[in-house]
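Structure, as structure tokens:
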Amino acid sequence: MEIARAAAGLFMRNGLRATRAEDIARAAGIAPRTFYRYFAAKEESLGPLFAAGAQRWAEAVRGAPAGLPVPEALRHAVVSTLTPGVGVRYESLDWVRSLLRLAEANPALLRVWGEACQTAERTLAAVLSARTAGESTEAGTPGEGPGRVAAEDSGAPAVADLDAGLRFTAAVASAAVRVAVEAWAAGDAPSDGPAGPVALALRNLEALDGFPWSMRTG
């Protein structure tokens, strides 16, 4: 993560084009060959930073109170991870805005962002599988029985084993939040106002009212 932070700082200060992989290595206190051991290109060095942010929201859905239905768990995760001064520091959101603007102008960096979001989406699919496991049965109620996400339940089904319907619902939920963050980053609205990432994400999720979050195709 130190390499990713060093890269982010240099990209924001000097620009992506003016920053070399060797500059990142020097700022991180490592040799260039060590840098290339982990990353094939300078843009890839932001991968851990992007991944940490994207995964944090997916894991927050897992950590939401077990009795919450999926829509409420998604909203709970948005508020707990994207609220400035509560779930995230104001300066961290400033970094997010700057880095996403850089990504929009650079296809290689945009690909790194997209890969991080896709990985988090797969995590969310596994989380939704656990949260909705008991909703399609006659016994039990949402959030109870097999669908309960216990604190000690750290296992997740492999992506290939996940139902296509659940993968679709994870993609929909992820897109609602991702588009909100990207839209906020592209503008100049403050992070804690009615056009901030939390407000936009909640609005997107509200537009999905009635969506079949426990949909399974198998």
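By convention here, the first residue in the shown sequence is residue 1.
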Check for me, please, whether Y90 and L82 land in the same ILVMFWY cluster - side-chain distances under 4.5 Å, paths through other members count.
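In one cluster: no.
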Does some side-chain heavy atom of [Y] sit less than 4.5 Å from a side-chain heavy atom of [X]?
{"X": "W213", "Y": "L208", "value": "yes"}
{"X": "N106", "Y": "L110", "value": "no"}
{"X": "V88", "Y": "T81", "value": "no"}
{"X": "L166", "Y": "T132", "value": "yes"}
{"X": "P65", "Y": "H76", "value": "yes"}
{"X": "T19", "Y": "R13", "value": "no"}
{"X": "V79", "Y": "L202", "value": "yes"}
{"X": "V181", "Y": "L200", "value": "no"}

Donor-acceptor pair, E44 side chain versus A40 backbone, under 3.5 Å?
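Present.
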Determine whether a donor-acceptor pair (N or O, by modelled atom type, separation under 3.5 Å) exists between the side chain of K42 and the backbone of I24.
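Not confirmed, K42 side chain does not pair with I24 backbone.
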Would you call [X]-[Y] a salt bridge at under 4.0 Å N-O?
{"X": "E22", "Y": "R26", "value": "no"}
{"X": "R101", "Y": "E104", "value": "no"}
{"X": "E2", "Y": "R5", "value": "yes"}
{"X": "D192", "Y": "R89", "value": "no"}
{"X": "D94", "Y": "R97", "value": "no"}

Parallel, tilted or perpendicular: rings of W113 and F50 (30°, 60°):
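Correct class here is perpendicular.
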Take R62 and E59, measure what salt bridge (Lys or Arg N to Asp or Glu O under 4.0 Å) needs, and give me the verdict at the end.
CA-CA 5 Å; R62 189 195 306 276; E59 290 295 342; 2.8 Å; yes
Interatomic spacing from CG in L10 to CG in D23 - rounded to 0.5 Å
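If I round to the nearest 0.5 Å, the distance is 6.5 Å.
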Donor on one side chain, acceptor on other, Q55 and T123, under 3.5 Å
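There is such a pair (donor and acceptor under 3.5 Å, judged by atom type) between the side chains of Q55 and T123.
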How about E206: does its CD atom have over 12 heavy atoms from other parts shown lying under 6.0 Å from it?
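No - once you tally the heavy atoms of other residues, nucleotides and ligands closer than 6.0 Å, there are 12 at most.
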Check A180 against P197 and note the closest heavy-atom contact, atom names and distance.
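For A180 versus P197, the nearest heavy atoms are CB-O, 4.0 Å.
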